[in-house]
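What follows is a short report on a single structure.
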Amino acid sequence: MAHRSHARLARTVSIVLCLLVALVVFATSAFGQSSKDLRLAFINGFSAPQEVFTVDPGNGQGNGAKGNAPPEQITHVGEVLQLRWSPAGNHFAIQTLPFGTIVVMAPDGSDPRVVATDAFLGEFSPDGNRLALVREAGGKDDIWVVDLVAGGFAPIVTFAVEGFTSHLAWSPDGTRLAFDRTECPGGTGCS
């Protein structure tokens, strides 16, 4: 009996944490950092339009050569929901509308290309050549990888039952991918 109560409590805590993470993601400005030329990016505002802006922090104290320059708008899509920089800082990805559209572009916002639809933004591989995503596939939230060099897009993990997949994280050598998974068999909604 105590084991069931502990399992139920752990499941409830997991659900509450997932909801809190979702609230934080949607209620705060997203940000990222380009390691290529030390530019910080952020999503301006919580109401439409939401766009990506960058600012040069100078030497890290905001007082370098361009450290006091105003933010520069680098996207013009209307609604940016999430943002991730590649580790090399040579491109970044955004999640935008229609909901689940993933766009990759150069650090200055040029050369935008849609790499996926019906997906949630995951993480870049350590070399920046691949982007892991969670793609809605009949409510199962499968894991897909976009090859940004060759242009392929394929599932690497598919699940048999409905559920929520989140927090994708590459190993430092880029050979493994870790993730959180909550299964919801039979359309239970994980409640």
Side-chain angles (χ1 to χ4, degrees), residues 7-28 30-32 41 43 50 52 75 77-88 90-106 111-191:
R8 192 171 307 145
L9 177 62
R11 190 176 20 221
T12 302
V13 168
S14 294
I15 292 168
V16 168
L17 287 174
C18 287
L19 290 172
L20 286 173
V21 167
L23 286 172
V24 168
V25 167
F26 290 111
T28 62
F31 65 92
I43 299 173
Q50 289 177 242
V52 176
T75 64
V77 297
E79 186 90 19
V80 177
L81 304 173
Q82 290 186 350
L83 163 71
R84 299 283 190 281
W85 280 107
S86 69
N90 58 343
H91 48 261
F92 68 94
I94 59 171
Q95 180 177 334
T96 188
L97 298 178
F99 191 79
T101 301
I102 308 298
V103 182
V104 174
M105 59 189 71
D111 194 27
R113 57 186 166 128
V114 174
V115 296
T117 57
D118 295 326
F120 295 100
L121 192 54
E123 293 293 333
F124 282 97
S125 61
D127 63 7
N129 293 334
R130 294 169 291 162
L131 179 62
L133 305 170
V134 175
R135 191 156 192 224
E136 292 188 306
K140 297 177 184 170
D141 282 0
D142 295 336
I143 300 174
W144 289 60
V145 171
V146 178
D147 184 330
L148 298 169
V149 176
F153 182 49
I156 60 166
V157 178
T158 56
F159 299 99
V161 298
E162 293 178 16
F164 299 103
T165 307
S166 62
H167 301 106
L168 304 180
W170 290 91
S171 63
D173 65 0
T175 62
R176 313 272 301 161
L177 190 62
F179 57 92
D180 288 342
R181 174 77 179 165
T182 302
E183 293 195 343
C184 309
T188 62
C190 291
S191 60

Determine the minimum heavy-atom distance between [X] and [Y], stating which atoms define it.
X: Leu168; Y: Glu123; answer: O-CG, 3.1 Å
X: Lys140; Y: Val161; answer: CG-O, 3.6 Å
X: Leu121; Y: Gln95; answer: N-OE1, 3.2 Å
X: Ala106; Y: Phe92; answer: O-CE2, 3.2 Å
X: Thr175; Y: Ser171; answer: N-OG, 3.3 Å

Check your understanding: Picking from Thr101, Ile102, Val103, what satisfies side-chain contact (heavy atoms from CB on, under 4.5 Å) with Ile94?
Key -> Val103
Could you measure the distance from the [atom1] atom of [X] to the [atom2] atom of [Y]? Nearest 0.5 Å is fine.
X: Leu97; Y: Glu79; atom1: CG; atom2: CD; result: 4.5 Å
X: Leu131; Y: Phe153; atom1: CG; atom2: CZ; result: 9.0 Å
X: Asp118; Y: Arg135; atom1: CG; atom2: CZ; result: 6.0 Å
X: Gln50; Y: Thr96; atom1: CD; atom2: OG1; result: 9.0 Å
X: Leu148; Y: Ser125; atom1: CG; atom2: OG; result: 7.5 Å
X: Asp180; Y: Asp141; atom1: CG; atom2: CG; result: 12.0 Å

Review point. So is Arg84 actually on top of Phe124's ring, under 6.0 Å and inside 45° of the axis?
Key: no
**Study point:** Polar side-chain atom of Asp142 near backbone of Phe159 as donor-acceptor pair, under 3.5 Å
**Key:** yes
Review point. Between the side chains of Ser86 and Asn90, is a donor N or O closer than 3.5 angstrom to an acceptor N or O?
Key: yes
Practice item. Side-chain contact test, heavy atoms from C-beta onward, threshold under 4.5 Å: evaluate it for Leu133 versus Ile143 and give yes or no. Key: no
Check your understanding: Less than 4.5 Å apart, any side-chain heavy atom of Phe164 and any of Cys184?
Key -> yes
**Study point:** Phe99 vs Phe120, ring pair (Phe, Tyr, Trp, His ring centres under 6.0 Å): CA-CA, chis, key distance, verdict
**Key:** CA-CA 9 Å; Phe99 191 79; Phe120 295 100; 5.7 Å; yes
Exercise for review: Check step by step if side-chain contact (heavy atoms from CB on, under 4.5 Å) holds for Asp111 and Met105.
Suggested key: CA-CA 5 Å; Asp111 194 27; Met105 59 189 71; 5.7 Å; no
